[in-house]
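Numbering of residues begins at 1 and proceeds along the displayed sequence.
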Amino acid sequence: QVQLVESGGGLVQAGGSLRLSCAASGRAFSSHTMAWFRQAPGKERIVVARIRTDGVYTDYADSVKGRFTISRDNAKNMVYLQMNSLKPEDTALYYCAADSRSIWPTIRPEYWGQGTQVTVSS
């Protein structure tokens, strides 16, 4: 069992930055691929960034490439999402997710956080 708690969301103007954090507790954090998903009102939940267990490999949705950076600290059981050059279309509820069963780069989360709201004003 892994528990995930996100923080760092908020209201920011277009062009600004935010850093989301996800604190994980439970067993074997370092054996989980970690990801950030987002869901805007009326839209499906999509993966925006994922990071392999060792932190070496990452993958991003085309819509955030070059603007978002995912990282992890296995010693601290933490995952981060640095979001720069934010746009109004980045407005969504952002979720942290963990998957220990799939083979990279597939992500089928077993565990989810409760989400943190990001709102970007124009």
Side-chain angles (χ1 to χ4, degrees):
Q1 190 81 10
V2 174
Q3 293 80 42
L4 304 172
V5 179
E6 304 97 333
S7 61
L11 174 63
V12 64
Q13 288 189 332
S17 298
L18 281 175
R19 187 194 196 205
L20 305 184
S21 298
C22 174
S25 59
R27 300 180 61 183
F29 170 78
S30 61
S31 68
H32 290 73
T33 291
M34 299 300 296
W36 288 94
F37 286 71
R38 71 185 182 189
Q39 187 167 21
K43 296 188 177 181
E44 64 179 18
R45 190 176 298 188
I46 60 169
V47 57
V48 295
R50 69 192 83 189
I51 186 165
R52 206 175 71 171
T53 53
D54 56 7
V56 172
Y57 288 95
T58 57
D59 186 61
Y60 299 91
D62 287 344
S63 58
V64 306
K65 280 181 181 176
R67 300 188 298 122
F68 289 13
T69 303
I70 188 171
S71 61
R72 67 189 296 162
D73 185 336
N74 285 343
K76 296 182 178 179
N77 284 12
M78 296 291 296
V79 180
Y80 306 98
L81 186 67
Q82 178 66 43
M83 306 185 294
N84 298 328
S85 303
L86 282 161
K87 305 175 181 181
E89 51 263 44
D90 294 318
T91 295
L93 191 58
Y94 283 72
Y95 297 91
C96 179
D99 177 8
S100 67
R101 302 171 298 188
S102 304
I103 297 174
W104 177 265
T106 299
I107 177 93
R108 291 175 297 192
E110 302 164 69
Y111 307 105
W112 294 91
Q114 81 289 349
T116 185
Q117 179 67 39
V118 172
T119 303
V120 185
S121 63
S122 57

Nearest heavy-atom approach of A40 to A92 is N-CB, 3.9 Å
Separation between CG (L18) and CD (Q82), nearest 0.5 Å, reads 8.5 Å
Between S85 and S17, the two heavy atoms sitting closest are N-OG, 4.3 Å
d(N77 CG, H32 NE2) to nearest 0.5 Å is 10.5 Å
Handout entry: 4.5 Å side-chain heavy-atom contact, V64 and R38
Key = yes
Between F68 and L86, is the side-chain contact (heavy atoms from CB on, under 4.5 Å) condition met? List the steps.
CA-CA 9 Å; F68 289 13; L86 282 161; 3.9 Å; yes
Residues passing the ring-ring contact (aromatic ring centres under 6.0 Å, His included) test with F37, sequence neighbours excluded, are W112
**Asked** Honestly curious: do Y94 and Y80 fall in one hydrophobic cluster under the side-chain, below-4.5 Å linking rule?
**Response** no
Between Y60 and I70 (side chain of the first, backbone of the second, donor and acceptor by atom type, cut-off under 3.5 Å), is there such a pair?
yes
Note: L93 and T116 closest approach over all heavy atoms is CD1-C, 3.5 Å
Rounded to the nearest 0.5 Å, the CE atom of M78 sits from the CG atom of D73 at a distance of 8.5 Å
Sidechain N-carboxylate O distance under 4.0 Å for D59, R50:
yes
Taking every heavy atom of K65 against every heavy atom of D62, the minimum-distance pair comes out as NZ-OD1, 3.2 Å
Interatomic distance, OG1@T33 vs OH@Y57, rounded to 0.5 Å, equals 13.0 Å
Do I107 and M34 make a side-chain contact, defined as non-hydrogen atoms from C-beta onward lying under 4.5 Å apart?
no
Q.
Any non-hydrogen side-chain atom of W36 less than 4.5 Å from a side-chain atom of C22?
A. yes
Enumerate, atom names and distances included, each donor-acceptor pair closer than 3.5 Å involving a side-chain atom of residues 1-11, sequence neighbours excluded.
{"residue": "Q3", "atom": "OE1", "partner": "S25", "partner atom": "OG", "Å": "3.1"}
{"residue": "E6", "atom": "OE1", "partner": "Q114", "partner atom": "N", "Å": "3.0"}
{"residue": "E6", "atom": "OE1", "partner": "Q114", "partner atom": "NE2", "Å": "3.4"}
{"residue": "E6", "atom": "OE1", "partner": "G115", "partner atom": "N", "Å": "2.9"}
{"residue": "E6", "atom": "OE2", "partner": "C96", "partner atom": "N", "Å": "2.8"}
{"residue": "E6", "atom": "OE2", "partner": "G115", "partner atom": "N", "Å": "3.2"}

Rounded to the nearest 0.5 Å, the CH2 atom of W104 sits from the OG1 atom of T58 at a distance of 6.5 Å
| query | Are V47 and M83 linked, directly or through other ILVMFWY residues, by side chains that come within less than 4.5 angstrom of each other? | reply | no
Lys/Arg-Asp/Glu bridge criterion (N-O < 4.0 Å) met for K87, D90
no
For S102 and T106, the nearest pair of non-hydrogen atoms, with its separation, is CB-O, 3.5 Å
Q. Could you walk me through whether S30 and T53 pass the side-chain contact (heavy atoms from CB on, under 4.5 Å) check?
A. CA-CA 6 Å; S30 61; T53 53; 5.9 Å; no
Check your understanding: Honestly, is R72 close enough over F29, meaning NZ or CZ under 6.0 Å from the six-membered ring centre and within 45° of the axis?
Key -> yes
